[in-house]
Enquirer: 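Okay, here's the structure, questions in a sec.
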Amino acid sequence: MNIATLFLAPLSLGVISAVLGALISITDRIVNNYGDVVIDINSGKKDLNVKGGSPLLLSLAEQDIFVPSACGGRGSCGACKVKVLSDVGPHLPTETPYLTKEEQAENIRLSCQVKVKQSLEIEIPEELFNIQKLTTKVKKITDVTHDIKEVLLELPEGTDLQYQPGQYGQFEVPPYNKIKERTQRAYSFSSNPNDKNHLEFLIRLVPGGIVTTYVHEHLQEGQSINVVAPVGDFKVQKTDAQMICVAGGSGMAPFKSIFSHMVDTGEIENREVWYFFGARTTKDLFYLEWLADLEKKYKNFHFIPALSEPEENADWKGETGLITEVLKSYLETKIDTEKTKEGYLCGSPGMLDACMIVMRQFGMDENKIYFDKFA
Amino acid sequence: MSPVISPFSLFFASILTSNILLANFLGMCSFISISKDMKSSNGLGMAVTVVLVITGMANWAVLHFILIPLGLEYLRYIVFIVVIAAVVQILEMVIDRVSPALYMSLGIFLPLITVNCAILGVALFIEIRNYSFIQSVIYSLGSGLGWWLAIMALSAIRKKVDKAPVPAGLQGPGITMITIGFMAMAFIGFSGMLQVQ
Ligand SMILES: Cc1cc2nc3c(=O)[nH]c(=O)nc-3n(C[C@H](O)[C@H](O)[C@H](O)COP(=O)(O)OP(=O)(O)OC[C@H]3O[C@@H](n4cnc5c(N)ncnc54)[C@H](O)[C@@H]3O)c2cc1C
Ligand code: FES
């Protein structure tokens with residue numbers, strides 16, 4: 001091989017690749033340029049000018065309108081529903097699993113899957129205008145079990161954050177290690193809504209999970225962190241029905257908020273509450289003293305912790321077995337069958353589905369079972 | 001010298017007798033995995049055809065205007081692959097703009113066209129057989145249509161086979177491979193009619 005070819009080969013390869021690279025970026029400029037477009041919300045209530053080309057969820061968030069999104073825009077939670085009045089083409093295969101036939105007929109869409117390509121008219125509940133992005137400061141991180149941390153955040157001064165116990169906030173963690181993008185996940189408030197200066201969360205480590213690994217291994221006291229809040233419609237209904245509550249692990253969070261609020265308002269005196277908490281071993285139990293105290297103080301409040309795999313040497317006098325079995329036996333023998341009941345469930349999808357089957361077996365009305373699936 | 005062959009013979013031969021899938025067995029992975037669903041098969045068939053025609057022309061031009069004059073034919077593998085990768089990227093952007101539904105349903109498979117052996121195979125056949133520009137266009141179009149025809153036929157057959165009482169051990173990939181074997185044999189039936197050179 002002579003010297004000329006030795007240089008020629010890499011040179012021509014370089015030139016060919018450069019030309020192709022240029023072609024790709026020119027096409028990107030032309031094809032992905034949707035220009036400036038307008039998003040009209042609720043017939044002119046708000047008009048947003050945005051650059052076309054991004055998913056609707058992101059375009060709205062950039063203008064401080066936060067549509068709930070428990071999965072952070074991956075199309076796997078179905079929380080980000082928005083009614084789109086303009087024609088933006090047929091529903092995508094990524095949307096249809098999360099939308100009922102009726103919702104599809106009304107042109108409800110998943111805002112994380114719809115790209116803004118032209119000016120749009122959409123409809124969203126007015127409450128969403130209240131959702132804010134807050135830059136909070138981590139005040140305290142406490143280990144409550146081997147895999148759950150209680151995270152206390154201080155709100156910026158002058159924040160007016162009104163939420164109902166049961167609602168949640170979206171944690172936004174910055175890029176770290178191999179994670180290149182900001183990532184959001186939903187966490188229920190465990191704090192008392194009367195505490196206007198703080199927000200509290202219970203976060204369970206999911207091995208390999210993006211946000212929980214960050215919270216457990218990188219988040220430090222004193223650091224700032226963004227939270228988008230308040231979101232969600234899981235809350236106590238204003239009735240006097242008996243509350244049958246079931247939680248597992250970090251599913252404790254919304255109930256902590258709910259019960260502390262009920263103590264403040266005095267509702268806990270009048271309303272019958274059965275709180276079932278499922279854990280594997282004694283290592284997974286927490287807040288026992290506080291709950292035992294509530295049980296002692298208020299005769300209508302019943303706390304039933306249950307272990308599915310108690311350690312051999314554990315001095316455990318409470319219930320054992322899967323939480324569904326314990327729930328079933330209480331519904332059979334201890335809970336008044338005559339009174340109307342409402343179900344409140346929080347935790348893993350598997351546990352929730354199993355509890356719902358039991359509740360239905362005992363004639364509880366499906367429309368009166370409220371839940372937040374931690375998926 | 002380009003071979004002497006009528007454009008019609010080349011076109012029909014590349015679709016039927018020398019079907020890139022059933023005679024040369026190129027592009028099998030996506031053929032088997034996507035053919036479960038007719039709609040996706042149709043989309044992918046169309047995408048493969050478009051990519052084949054564009055890359056067939058682009059690779060012919062690169063070969064004849066750059067590589068041969070500079071005596072760099074030995075670079076053809078790497079250059080063809082780079083061209084194919086770029087064309088697929090551009091096509092991806094265009095499909096996303098024109099038909100998001102098709103874009104979503106092709107999902108992961110669109111980038112996979114880059115490593116679809118049928119695409120590189122056609123570019124190399126064009127080079128080995130020394131086709132002229134017009135012949136290259138006809139051959140790549142024919143091969144694309146042939147691939148499209150084959151995947152549509154297979155997905156239609158699989159739709160029927162899914163409902164048939166297939167022995168347990170043969171369900172899924174097993175019966176699909178047997179079906180493909182039969183299809184290939186059927187296509188051999190055309191081989192006396194025309195030949196590509
Ligand atoms: C309304 C609502 C309220 C919630 N409230 C709470 C709460 O109060 N407390 C709480 O702890 N949780 C809560 N969750 C769950 C929470 O939002 C997160 O889903 C959960 O914490 C996991 O987030 P992550 O980013 O750590 O994991 P993700 O990164 O989302 O990972 C989830 C799963 O995918 C796996 N995974 C991740 N990356 C990969 C990969 N590359 N390859 C293979 N597998 C992978 C992980 O191992 C894990 O099993 C709530 C969820 C909802 C919807
Ligand atoms: S944000 Fe989860 S589906 Fe859209």
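The analysis underlying the following values was restricted to heavy atoms, covering all of them including side chains, and did not include hydrogens, waters or symmetry mates. In what follows, chains carry the letters A, B, and so on, assigned in the order in which the sequence lines appear, proteins first and then strands, with residues in each chain numbered from 1.
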Enquirer: Check this for me: A:Lys133, atom NZ, are more than 12 non-hydrogen atoms of other residues, nucleotides or ligands nearer than 6.0 Å?
Expert: yes

Enquirer: Can you confirm whether more than 12 heavy atoms, excluding those of A:Glu126, are under 6.0 Å from its CD atom?
Expert: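 It does: A:Glu126 CD has more than 12 such atoms within range.
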
Enquirer: Does atom CE of B:Met177 have more than 12 heavy-atom neighbours, drawn from other residues, nucleotides or ligands, at distances under 6.0 Å?
Expert: no

Enquirer: What do the steps show when you test B:Asp96 against A:Lys115 for side-chain contact (heavy atoms from CB on, under 4.5 Å), and what is the final call?
Expert: CA-CA 10 Å; B:Asp96 186 18; A:Lys115 237 187 191 179; 2.8 Å; yes

Enquirer: Counting heavy atoms not belonging to A:Asp353, are there more than 12 under 6.0 Å from its CG?
Expert: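 Count over threshold, so yes.
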
Enquirer: Of the backbone (N, CA, C, O) and the side chain (C-beta and beyond), which part of B:Val87 lies under 4.5 Å from a heavy atom of chain A, both, or neither?
Expert: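 When you check distances to chain A, no heavy atom of B:Val87 falls under 4.5 Å.
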
Enquirer: Specify the closest pair of heavy atoms between B:Arg97 and A:Lys117, including all atoms of both residues, with the distance to one decimal.
Expert: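 The answer is O-NZ, 3.6 Å.
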
Enquirer: Any idea which of A:Ile30, A:Asp28, A:Val15 has the most non-hydrogen atom pairs under 4.5 angstrom with chain B?
Expert: A:Asp28

Enquirer: Examine whether an atom of A:Ile24 lies under 4.5 Å from a heavy atom of chain B, and if so say whether it belongs to the side chain, the backbone or both; otherwise answer neither.
Expert: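 Both backbone and side chain.
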
Enquirer: Counting only heavy atoms closer than 4.5 Å, note whether A:Leu92 contacts chain B via side chain, backbone, both or neither.
Expert: side chain

Enquirer: Taking side chain as everything from C-beta outward and backbone as N, CA, C, O, which of these in A:Ser12 sits under 4.5 Å from a heavy atom of chain B? Side chain, backbone, both or neither.
Expert: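 The answer is the side chain of A:Ser12.
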
Enquirer: Side chain, backbone, both or neither: which part of A:Leu8 has a heavy atom under 4.5 Å from chain B?
Expert: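 Both parts, heavy atoms under 4.5 Å.
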
Enquirer: More than 12 heavy atoms of other residues, nucleotides or ligands under 6.0 Å from CD of A:Gln104: yes or no?
Expert: yes

Enquirer: Could you pull out the closest heavy-atom pair between B:Met93 and A:Val31, with the gap in Å?
Expert: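 Heavy atoms only, the tightest pair is O-CG1, 3.4 Å.
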
Enquirer: To the nearest 0.5 Å, what is the distance between CD1 on A:Ile16 and CD1 on B:Ile66?
Expert: 4.5 Å

Enquirer: Examine whether an atom of B:Leu70 lies under 4.5 Å from a heavy atom of chain A, and if so say whether it belongs to the side chain, the backbone or both; otherwise answer neither.
Expert: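 Both parts, heavy atoms under 4.5 Å.
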
Enquirer: Is it the case that atom CD1 in B:Ile78 sees more than 12 heavy atoms from other parts of the structure closer than 6.0 Å?
Expert: no

Enquirer: What distance separates A:Ser25 OG from B:Ile90 CD1, expressed to the nearest 0.5 Å?
Expert: 9.0 Å

